Novice: 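This is the structure I have questions about; it appears just below.
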Amino acid sequence: MAALVMPDRSFWAGKRVFVTGQTGFKGAWLWLWLLRLGAIPVGFALEPESGPSLWREVAGDDTVVGIGDIREIGTISRRMQEARPDIVLHLAAQALVRRSYDKPFETMSTNVIGTMNVLEAVRQTSSVKAVVSVTTDKVYLNREWVWPYREDDSLGG
């Protein structure tokens with residue numbers, strides 16, 4: 001198993017980071033890490049669903065968030081340009097397999113068109129120097145490995 005590598009605090013300190021999907025489970029954890037590293041996170045996500053929510057537990061009064069849908073190009077473009085981020089971390093997605101069966105159009109429009117909208121907003125925002133678009137490993141052929149899948153692994157989810 002790979003050793004845990006701690007992020008470089010000096011890199012992240014003071015960086016403006018635009019995070020999509022921060023109200024989700026992974027996004028909320030990422031938000032906490034960014035704050036701990038001294039970054040200035042700005043979020044854009046749907047309202048968290050009802051029920052228990054890590055995001056509701058971690059969001060403080062000084063949290064800068066934008067509630068919105070990545071399928072709305074005008075809204076996300078405007079929000080990103082206002083935020084003037086150095087880095088964009090795109091986590092927003094409809095990732096629940098069962099929901100994708102029940103709502104395939106919503107899933108595809110969120111995951112495909114939504115990602116295209118995020119990338120278009122990046123293209124229109126001159127302050128952005130780097131983008132990380134997070135996706136699922138479920139598109140890769142499951143080999144039951146203990147390590148993460150890589151972009152050059154075989155597809156076949």
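These numbers come from a predicted model, not from an experiment.
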Novice: Between Phe105 and Ile70, is there a shared hydrophobic cluster once you connect ILVMFWY residues whose side-chain heavy atoms come closer than 4.5 Å?
Specialist: no

Novice: Working to the nearest 0.5 angstrom, can you tell me the gap between Arg78 CZ and Glu72 CD?
Specialist: 9.0 Å

Novice: Please verify the inter-ring angle class for Trp29 with Phe25; under 30° counts as parallel, over 60° as perpendicular, anything in between as tilted.
Specialist: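 Perpendicular.
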
Novice: One pair to check against side-chain contact (heavy atoms from CB on, under 4.5 Å): Lys15 and Leu34. What are the steps and the verdict?
Specialist: CA-CA 9 Å; Lys15 291 276 191 330; Leu34 290 170; over 6 Å; no

Novice: Atom CG in Leu37, atom CG in Asp8: separation rounded to 0.5 Å?
Specialist: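 Result: 9.0 Å between the selected atoms.
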
Novice: Report the distance from atom CG of Asp69 to atom CG of Asn117, rounding to the nearest 0.5 Å.
Specialist: 9.0 Å

Novice: A side-chain contact here means heavy atoms from C-beta on lying under 4.5 Å apart; do Arg71 and Thr110 qualify?
Specialist: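 Yes, at least one pair of side-chain atoms sits under 4.5 Å.
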
Novice: Would you say that Val88 contacts Met80 through its side chain, given a criterion of any heavy-atom pair below 4.5 Å between the two side chains?
Specialist: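 A side-chain contact exists here, since the closest heavy-atom pair is under 4.5 Å.
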
Novice: Can you name the side-chain hydrogen bond (donor to acceptor under 3.5 Å, both in side chains) partners of Ser126, sequence neighbours left out?
Specialist: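 Here no residue qualifies.
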
Novice: Could you tell me if the side chain of Met108 sits less than 4.5 Å from the side chain of Ile113, heavy atoms only?
Specialist: no

Novice: Roughly how far apart are Lys26 NZ and Leu91 CG, rounded to 0.5 Å?
Specialist: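 Here the interatomic distance stands at 8.0 Å.
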
Novice: Any idea which heavy atoms bring Val128 and Ala130 closest together, and the distance?
Specialist: CG1-O, 3.5 Å

Novice: Is the shortest side-chain heavy-atom distance between Thr20 and Ile76 below 4.5 Å?
Specialist: yes

Novice: Indicate yes or no: at least one non-hydrogen side-chain atom of Arg84 is less than 4.5 angstrom from one of Phe18.
Specialist: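 Counting from C-beta outward, Arg84 and Phe18 never come under 4.5 Å.
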
Novice: Please report the closest heavy-atom contact between Ala92 and Gly21, naming both atoms and the distance.
Specialist: CB-N, 3.7 Å

Novice: For residues Ala45 and Thr23, report the shortest heavy-atom separation together with the two atoms involved.
Specialist: CB-OG1, 3.4 Å

Novice: Can you name the closest pair of heavy atoms from Ile73 and Ala121 and give their distance?
Specialist: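 Looking at all heavy atoms of both residues, the closest pair is CD1-N, 4.5 Å.
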
Novice: Quick check against the 3.5 Å criterion: does Ser109 have a side-chain atom that pairs as donor or acceptor with the backbone of Glu106?
Specialist: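 Judged by distance alone, yes, a pair lies under 3.5 Å.
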
Novice: Tell me, do Leu141 and Asp153 make a side-chain contact under 4.5 Å, heavy atoms counted?
Specialist: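 Of all side-chain heavy-atom pairs linking Asp153 with Leu141, none is under 4.5 Å.
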
Novice: Tell me whether Phe11 shares a hydrophobic cluster with Leu89, the cluster being built from Ile, Leu, Val, Met, Phe, Trp, Tyr side chains joined at under 4.5 Å.
Specialist: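 Hydrophobic grouping puts Phe11 with Leu89.
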
Novice: If you round to the nearest 0.5 Å, how far is CD of Gln124 from CG of Leu119?
Specialist: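 It comes to 11.5 Å.
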
Novice: Quick one: do Tyr101 and Val112 end up in the same hydrophobic cluster if we chain Ile, Leu, Val, Met, Phe, Trp and Tyr together by side-chain heavy atoms under 4.5 Å apart?
Specialist: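 They do not share one cluster, since no chain of ILVMFWY contacts under 4.5 Å joins Tyr101 to Val112.
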
Novice: Hey, any chance Ile40 and Trp31 share a hydrophobic cluster, counting ILVMFWY side chains that come within less than 4.5 Å of each other, even indirectly?
Specialist: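 Looking at the clustering, Trp31 is in a separate group from Ile40.
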
Novice: In Å and rounded to the nearest 0.5 Å, what is the NZ to CD distance from Lys103 to Gln94?
Specialist: 9.0 Å

Novice: Does any N or O in the side chain of Asp86 come within less than 3.5 Å of the main-chain N or O of Arg16, such that one atom is a donor and the other an acceptor?
Specialist: yes

Novice: Please name the pair of heavy atoms, one in His90 and one in Ser133, separated by the smallest distance, quoted to 0.1 Å.
Specialist: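 In this case the closest contact between His90 and Ser133 is CD2-OG, 3.4 Å.
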
Novice: Answer with yes or no whether the hydrophobic clustering places Leu46 together with Phe44; edges join I, L, V, M, F, W, Y residues whose side-chain heavy atoms lie under 4.5 Å apart.
Specialist: no

Novice: Just wondering, do Val17 and Pro85 contact through their side chains at under 4.5 Å, heavy atoms?
Specialist: no

Novice: Report yes if some heavy atom in the side chain of Ile87 is under 4.5 Å from a heavy atom in the side chain of Trp12; otherwise report no.
Specialist: yes

